[in-house]
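Ligands are counted one by one from 1 in listed order, and the atoms in each one are counted from 1 as well. These values consider heavy atoms only, across backbone and side chains, with no hydrogens, waters or symmetry-generated copies.
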Amino acid sequence: MKVAVIGAGRIGQIHAKNVAEMAGLQLVAVHDAIDTSANALAEKLNAKAVSLEAILSDKAIEVVMICSPTDSHADIIELAAKASKKIFCEKPIDLSSNRVKACLKTVEKHNTPLMIGFNRRFDPNFAEVKRRLQAGFIGKTELVTILSRDPSPPPVDYVKRSGGLFRDMMIHDLDMARFMVGEEFVELFATGSSLVDPKIGEAGDVDTAAVTLKTKSGIIVQISNSRRASYGYDQRIEIHGSKGLLKAENILKSSVIEANSNGILQEPVQDFFLERYEVAYKNELKAFFHAIKTNAAITPSGFDGLKAQELADAATESANTGKVIKLSH
Ligand SMILES: NC(=O)c1ccc[n+]([C@@H]2O[C@H](COP(=O)([O-])OP(=O)(O)OC[C@H]3O[C@@H](n4cnc5c(N)ncnc54)[C@H](O)[C@@H]3O)[C@@H](O)[C@H]2O)c1
């Protein structure tokens, strides 16, 4: 199967390498708005640097992977759907739910297979929590706690274009909340502060945030986000059920423990997403290409992308107004 990658930045480089190394797939083309970026990646992986038009008009290219900045996703999804491509698109589809809805109409019209890159669903630890949850090991889910903290804040220029912490960062956790609970939420309260970098506050965003969500059946989810964790990339989940607890802890840089009379010292947690989710990125591609080959339903779907976006919009509104938001479906 011939594949093209659009956007040769941080995430595009990961997906391109994984495609190039996966049996049965051939990375044939790379496109980037900056020619030198496309050339460098294409050269490294034995592909060609080409224009977007060349990818869309090449009938031999079956799959496109959209890894360009968020504000280009919806337009490229629509162009690729019209060109009968199968699509993997990085999260989020767009920063506006209305734009996402319009884009998904085009996807539906052309019957386009589309996966959204909520990679954390494919992390082996979180996937195992979900498997045990579904197998009923802890009975009925009652409380879910998701902790997600970046090692350090992004540049303020990035923050200004990001759509805000809830749409840029928490969207992953909001998708994880839906994934774990398996029900839609009816109520949401969010709050945020700028405690890490005053420039983020001056840019109108927050860098520290918490959200509480509730489903119709009463399951409560709490999400805790920060743009800074001095000990590394903090990624944990805990699920409390009627018969017990499921937990996925952080992954440390090594398993070495140093003990002395002062106490016990462990390694810091892994640095950031590139290493923490290295396996998850491979697993998500395997799931995507397996679904395409077997004609199976693709998840996370465009609908999942929309639902996470709506929750991120509601969280932004709640944090701005101080109000509890009622959600309808
Ligand atoms: N799932 C994840 O874990 C994850 C991690 C990082 C980023 N992302 C998402 O991936 C997307 C890209 O993020 P990144 O961190 O790789 O950004 P990046 O800035 O590192 O890379 C983006 C690349 O796209 C190129 N580009 C810009 N406009 C383009 C266009 N119209 N067409 C083609 N190429 C274009 C840029 O030149 C750059 O090389 C974002 O939507 C982001 O939210 C997801």
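- Taking the charged nitrogens against the carboxylate oxygens, Lys307 and Glu310 do have a contact shorter than 4.0 Å, which makes a salt bridge.
- Atom CG of residue Asn283 and atom CZ of residue Phe288 lie 15.0 Å apart, to the nearest 0.5 angstrom.
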Practice task
Begin with the C-alpha distance, continue with both residues' side-chain angles, and end with the deciding distance and a verdict on side chain to side chain donor-acceptor pair (under 3.5 Å) for Asp313 and Thr316.
Solution key: CA-CA 5 Å; Asp313 287 349; Thr316 308; 5.4 Å; no

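- The closest side-chain donor-acceptor pair between Arg120 and Ser148 falls under 3.5 angstrom.
- One finds no salt bridge joining Asp304 and Lys91 here, because no Lys/Arg side-chain nitrogen approaches an Asp/Glu carboxylate oxygen to under 4.0 Å.
- By the 30° and 60° cut-offs, the orientation of the rings of Tyr277 relative to Phe126 is tilted.
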Identify all N/O pairs between ligand 1 and the protein with a separation under 3.5 Å and present them as a table of atom names and distances.
from: ligand 1; atom 1: 1 (N); to: Glu90; atom 2: OE1; distance (Å): 2.9
from: ligand 1; atom 1: 1 (N); to: Gly117; atom 2: O; distance (Å): 3.4
from: ligand 1; atom 1: 1 (N); to: Asn119; atom 2: OD1; distance (Å): 3.0
from: ligand 1; atom 1: 3 (O); to: Asn119; atom 2: OD1; distance (Å): 3.2
from: ligand 1; atom 1: 3 (O); to: Tyr281; atom 2: OH; distance (Å): 2.6
from: ligand 1; atom 1: 15 (O); to: Arg10; atom 2: NE; distance (Å): 2.8
from: ligand 1; atom 1: 15 (O); to: Arg10; atom 2: NH2; distance (Å): 2.9
from: ligand 1; atom 1: 16 (O); to: Arg10; atom 2: N; distance (Å): 3.2
from: ligand 1; atom 1: 16 (O); to: Ile11; atom 2: N; distance (Å): 2.9
from: ligand 1; atom 1: 20 (O); to: Arg10; atom 2: N; distance (Å): 3.0
from: ligand 1; atom 1: 34 (N); to: Ala33; atom 2: N; distance (Å): 3.2
from: ligand 1; atom 1: 37 (O); to: Asp32; atom 2: OD1; distance (Å): 2.6
from: ligand 1; atom 1: 39 (O); to: Asp32; atom 2: OD1; distance (Å): 3.4
from: ligand 1; atom 1: 39 (O); to: Asp32; atom 2: OD2; distance (Å): 2.6
from: ligand 1; atom 1: 41 (O); to: Thr70; atom 2: N; distance (Å): 3.4
from: ligand 1; atom 1: 41 (O); to: Thr70; atom 2: OG1; distance (Å): 2.8
from: ligand 1; atom 1: 41 (O); to: His73; atom 2: NE2; distance (Å): 3.2
from: ligand 1; atom 1: 41 (O); to: Lys91; atom 2: O; distance (Å): 3.3
from: ligand 1; atom 1: 43 (O); to: Lys91; atom 2: O; distance (Å): 3.0
from: ligand 1; atom 1: 43 (O); to: Lys91; atom 2: NZ; distance (Å): 3.1

